[in-house]
Amino acid sequence: MIVMSEQMASLQRRIVEQGRVLPGGVLRVDAFLNQRVDMRLMRDIGEAFARRFSGIGAGCVLTVESSGIAPAGMAALAMGLPLVVCKKQASRVSRDGRLSTLVRSFTRDAEYEMSVAREFLPDGTRALFIDDFLAMGEAALGAARLAEQAGAALAGIGIVIEKSFQPGRGRLEALRIPIMSLARIKEMRPGERDASKAIEFVSED
Ligand code: 5GP
């Protein structure tokens, strides 16, 4: 049996107490992760990722703006690595030296361009990708494509909240790199008034 750490039990509690389940498989966590950000929780999250991924030989932590920055930044701090942030629109100032790929946003149901300056992913870099949510796996797969264009590679994927009822995890497993999700949601029931029943987690035993 896997014993859940106290920190990650507290992440699940926050999801139950402050998360809001919307129709269409969307969870709002504006109260502690996406808009008001609980930095103590982010520190614990960063340390949990650092413990799991310290042995993978990562040269940087890679994320995508904007909601991935807080957890990825704390992981980068805990691991003593630089944080590299993929942009969601190519900068109009300089396109030279930028790598880009099209990604479909689950929450906006639209495509956006994910880009990063080649110089921040030097050839041969092993990057740890960290994001706030895993739904369809689009952001992580986009990051993997950018890394590949740069001659770098993803060496691990850390997710704060995985919605396990969506196909993202299965798609990412094809990359054959370690994946860790701190909270895994099995089912969400929009309209359920009892908060303890609105969100069901994947059991860890
Ligand atoms: P994916 O790229 O795996 O399809 O979706 C993950 C990305 O979409 C994350 O970067 C996250 O910002 C956003 N996202 C996906 N599902 C949710 C959700 O239920 N709630 C929130 N707040 N963001 C989500």
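Counting convention: from 1, in listed order, for ligands and their atoms alike.
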Seminar exercise, completed: Within the 4.0 Å heavy-atom cut-off, what F133 brings close to ligand 1 is both
Exercise. Is there a donor-acceptor contact under 3.5 Å from the side chain of Q149 to the main chain of S100?
Worked result: yes
For this session: Considering heavy atoms of the protein only, find what lies nearest to atom 2 (O) of ligand 1 and give residue, atom and distance to 0.1 Å.
Result: A139 N, 2.7 Å
For this session: Look at atom 5 (O) of ligand 1 and say which protein heavy atom is nearest, naming residue and atom and giving the distance to 0.1 Å.
Result: A135 CB, 3.6 Å
Exercise. Any idea which protein heavy atom is nearest atom 20 (N) of ligand 1, and the distance to it?
Worked result: L27 O, 2.7 Å
Problem set entry | Heavy atom of S67, distance to ligand 1 below 4.0 Å | no
Exercise. Any side-chain heavy atom of L27 sitting closer than 4.5 Å to one from V29?
Worked result: yes
Exercise. If you measure from the Lys or Arg side-chain nitrogens to the Asp or Glu carboxylate oxygens, is any gap between E200 and K186 under 4.0 Å?
Worked result: yes
Exercise. Counting heavy atoms only, which part of K163 comes closer than 4.0 Å to ligand 1: side chain, backbone, both or neither?
Worked result: side chain
For this session: Under 4.0 Å from a heavy atom of E138: give me the atoms of ligand 1 that qualify, with their elements.
Result: 1 (P), 2 (O), 3 (O), 4 (O)
Problem set entry | Any donor-acceptor N/O pair, S181 side chain to R184 backbone, under 3.5 Å | no
Problem set entry | Hydrophobic cluster membership, I69 vs F53, 4.5 Å side-chain cutoff | yes
Exercise. Where the closest heavy atom to atom 11 (C) of ligand 1 is concerned, which of T107, V160, I185, D132 has it?
Worked result: D132
For this session: Specify side chain, backbone, both or neither for N34, according to which of its non-hydrogen atoms lie closer than 4.0 Å to ligand 1.
Result: side chain
Exercise. For A150, does its backbone N or O pair with a side-chain atom of R118 as donor and acceptor, under 3.5 Å?
Worked result: no
Exercise. Which residue supplies the protein heavy atom nearest to atom 10 (O) of ligand 1, what is that atom called, and how far is it?
Worked result: D131 OD2, 2.7 Å
Exercise. Between A140 and ligand 1, is there a nitrogen or oxygen pair with a distance under 3.5 Å?
Worked result: no
Seminar exercise, completed: ligand 1 to L134, heavy atom cutoff 4.0 Å, flagged ligand atoms 3 (O)
Problem set entry | Residues S115 and E113: side-chain donor-acceptor under 3.5 angstrom | no
Exercise. Counting only N and O atoms by type, is there a donor-acceptor contact under 3.5 Å from the side chain of R145 to the main-chain atoms of L102?
Worked result: yes
Seminar exercise, completed: Looking only at protein heavy atoms, what sits closest to atom 4 (O) of ligand 1 is M136 N, 2.9 Å
Exercise. Has the side chain of R104 got a donor or acceptor atom that lies under 3.5 Å from a matching backbone atom of D109?
Worked result: yes
